[in-house]
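Scroll down for the structure; my scribbles are underneath it.
Just so we're on the same page: letters track the sequence lines, and every chain starts at 1. It should be emphasised that the depicted structure is a prediction, and the values quoted were computed from it without experimental measurement.
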There are 2 protein chains.
Amino acid sequence: MPEPDLQFKSLDYSDPMVARILDAAEQCIHRFGIRRTSMGEVARVGKLSRGSIYRHFGDKRSLIEGVFRRRQQVFLDSAEASLEKESSLVDKLTRSVVLGRRDMREGLFASLAETEPETVAMMFLDPRFYQRSVSFWPPHIRLAQAQGEIRADLDEATIVDFIVRLAVSLVMFPHMGVALKTPREIQAYLQQIISRGLG
Amino acid sequence: MPEPDLQFKSLDYSDPMVARILDAAEQCIHRFGIRRTSMGEVARVGKLSRGSIYRHFGDKRSLIEGVFRRRQQVFLDSAEASLEKESSLVDKLTRSVVLGRRDMREGLFASLAETEPETVAMMFLDPRFYQRSVSFWPPHIRLAQAQGEIRADLDEATIVDFIVRLAVSLVMFPHMGVALKTPREIQAYLQQIISRGLG
DNA sequence: GACTGAACAATAATCAATTATTGTTTATTT
DNA sequence: AAATAAACAATAATTGATTATTGTTCAGTC
């Protein structure tokens, strides 16, 4: 994969045409998987021309990325709203793990895991997949520091790094020696680890 | 994948025939990848009959698993020896991450990542891949507890779970907000996280 | 008893021809 | 200016026929 497409970075999700294309593409991927989704089919489902798709997305790869980025943005927005109801960082992290697991089980990824499991696996192991998640946490961490929940003498980037690692690990592997299935189990585990480490 | 093959569990690596088959299979996988390695080719490379392979390993899948289990055993034995030279749990963990990363870069996985990257990805996301690692850590953790490095009031399984998650995460993702490339960087990060957590 | 090599049926993989898709361009329409 | 539909060359995917591989069995050898 080459460098990120700058055009793509400024994608306007509120543009009706863009939204229409992404909706159609998402429908197709949901049903057929990525490989078997053709630009022609996206055009048919979206009731627009193939040329229009190419005008808004340079190629198929860019369209696919657009779908997943939007999906992720929707997930993070929803997580943001959900986390507003949690008062501590541990609870927020717990919630985000629960939401992340549900997303893997019920959304586009679940469909794709059926049609193209190796594609999903490759995605999960691509560090770029987590970039957005990394930038999601700083405000929550600063708040926890301001509230005295976590210490303020530790580098913020280190904290973010650790939090995201925990979240990713718990979503990918519900069991790595200890079964962490229910929100309560996850919360208890995280409470122990985060508040004191092992020392 | 069905249940683990019990016959397989008691595989005798010291049996010359078994070793010969595994050596040949490993050579072939190294060169051709899993998919393109045929039992016939393994027989040719190992200078034995196909029938003999089937006598020791029920089918191709079992042979492939045998190769990877042995590989992992060799890695863990080597890691064990290497960790003897480290005095603290943090240093041991650091070392294991360094060794793990090297293994991914230089060994059978590196070859396989070239011929069948999606196979490697699927492997990494299979929880069974980490079972052996999980059972590797208890003695080291008990020692660290006995030495007072880590607290003794935390459930051992929880500690193991956490340690393995950290190791796996650091091997898979060298960067998740903070670049953790050199042993020193890794060690410093782990020291902070493990000794105090975030509290 | 363990290994070998051959044979066989079922299944998977490969191959070459054919078809579909991608990306691009153009002319037309809105 | 943006969208459409059509055409085209290059490339990728599909298809059905062919070949290879898998798993199994058997007879022979050491």
Side-chain angles (χ1 to χ4, degrees), chain A residues 1-3 5 7-8 10-25 27-29 31-67 112 115-119 122, chain B residues 1-3 5-8 10-29 31-67 112 115-119 122:
Chain A
M1 282 255 214
E3 301 300 311
D5 187 353
Q7 167 204 349
F8 184 40
S10 53
L11 199 56
D12 182 9
Y13 292 131
S14 59
D15 177 335
M17 208 59 181
V18 169
R20 193 154 151 206
I21 299 171
L22 290 174
D23 287 343
Q27 254 194 79
C28 292
I29 293 172
R31 184 151 181 199
F32 303 116
I34 292 170
R35 237 188 54 245
R36 306 202 65 159
T37 287
S38 70
M39 300 299 261
E41 187 63 33
V42 173
R44 265 180 301 273
V45 168
K47 295 180 165 57
L48 43 76
S49 73
R50 238 177 8 99
S52 282
I53 300 182
Y54 283 103
R55 186 184 158 83
H56 290 266
F57 301 86
D59 54 17
K60 184 177 174 180
R61 200 211 85 237
S62 300
L63 175 60
I64 303 298
E65 281 185 4
V67 168
L112 199 58
T115 50
E116 299 179 35
E118 62 295 328
T119 302
M122 298 290 282
Chain B
M1 284 256 211
E3 302 299 311
D5 188 353
L6 285 183
Q7 169 205 350
F8 185 40
S10 53
L11 200 57
D12 182 9
Y13 293 131
S14 59
D15 179 335
M17 207 62 182
V18 169
R20 193 154 152 207
I21 297 169
L22 289 174
D23 288 343
E26 187 162 334
Q27 256 195 77
C28 292
I29 293 171
R31 185 153 182 199
F32 304 116
I34 291 170
R35 236 188 54 245
R36 308 199 65 157
T37 287
S38 70
M39 301 298 263
E41 188 63 34
V42 174
R44 262 181 302 275
V45 169
K47 295 179 165 57
L48 44 77
S49 75
R50 240 176 9 97
S52 283
I53 300 183
Y54 282 104
R55 186 185 158 82
H56 290 266
F57 300 87
D59 54 16
K60 187 179 174 182
R61 202 210 82 232
S62 301
L63 176 59
I64 302 300
E65 280 186 5
V67 169
L112 198 59
T115 50
E116 299 180 33
E118 63 297 326
T119 301
M122 297 289 284

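- Interatomic distance, CG of L112(A) versus CD of E118(A), reported as 8.5 Å (0.5 Å rounding).
- With rounding to whole Å, F32(B) atom CZ is found 11 Å from dT21(D) atom P.
- Atom CZ of R44(A) and atom P of dA6(D) are 12 Å apart (whole Å).
- Distance check: M39(B) CE to I21(B) CD1 gives 8.5 Å after rounding to the nearest 0.5 Å.
- For I64(A) and dG23(C), the CD1 to P distance is 10 Å, given to the nearest whole Å.
- The shortest distance between the side-chain N/O atoms of R50(A) and the OP1/OP2 oxygens of dT4(D) is not below 4.0 Å.
- Nearest nucleotide to the side chain of S49(A), out of dA5(D), dG23(C), dT4(C): dA5(D).
- Proximity of S52(B) to the phosphate of dT4(C): a side-chain N or O atom is located under 4.0 Å from OP1 or OP2.
- The phosphate of dC3(C) (OP1 or OP2) has a side-chain N or O of H56(B) nearer than 4.0 angstrom.
- Distances from the side chain of R55(A) to the nucleotides dG23(C), dT22(D), dA3(D) place dA3(D) closest.
- Between K60(B) atom NZ and dA12(C) atom C1' there is a gap of 10 Å when expressed in whole angstrom units.
- The side chain of Y54(B) lies closest to dT24(D) when the candidates are dT4(C), dA5(D), dT24(D).
- In this entry the distance linking CG of D59(B) with P of dT24(D) reads 8 Å, nearest Å.
- If you check residues 34-41 of chain A against DNA chain C, the residues with a heavy atom closer than 4.0 Å are T37(A), S38(A), M39(A), G40(A), listed by number.
- If you measure from atom CG of L63(B) to atom C1' of dG23(D), you get 14 Å, rounded to the nearest angstrom.
- Taken to the nearest 0.5 Å, the CD1 atom of I34(A) stands 12.0 Å off from the CZ atom of R61(A).
- Looking at R50(B), its side chain never comes within 3.5 Å of a backbone N or O of G40(B) through a donor-acceptor pair.
- If you measure from atom CZ of R20(A) to atom P of dA2(D), you get 16 Å, rounded to the nearest angstrom.
- For the side-chain contact (heavy atoms from CB on, under 4.5 Å) test with I64(B), the passing option among T119(B), I29(B), D59(B) is I29(B); the others fail.
- Remark: the backbone N or O of K47(A) is paired with a side-chain donor or acceptor of R20(A) at under 3.5 angstrom.
- Here T37(B) contributes atom OG1 and E116(B) contributes atom CD; the two are 8.0 Å apart, rounded to the nearest 0.5 Å.
- Each end of the helix from dG1(C)-dC30(D) to dT30(C)-dA1(D) gets its own rotation axis from five pairs of C1' atoms, and the angle between them is 50° to the nearest 10 degrees.
- In this structure, the CG atom of D15(B) is 11 Å from the C1' atom of dA2(C), given to the nearest Å.
- The CZ atom of R55(A) lies 13.0 Å from the CG atom of L48(A); values are rounded to the nearest 0.5 Å.
- Taken to the nearest 0.5 Å, the SG atom of C28(A) stands 13.0 Å off from the CZ atom of R36(A).
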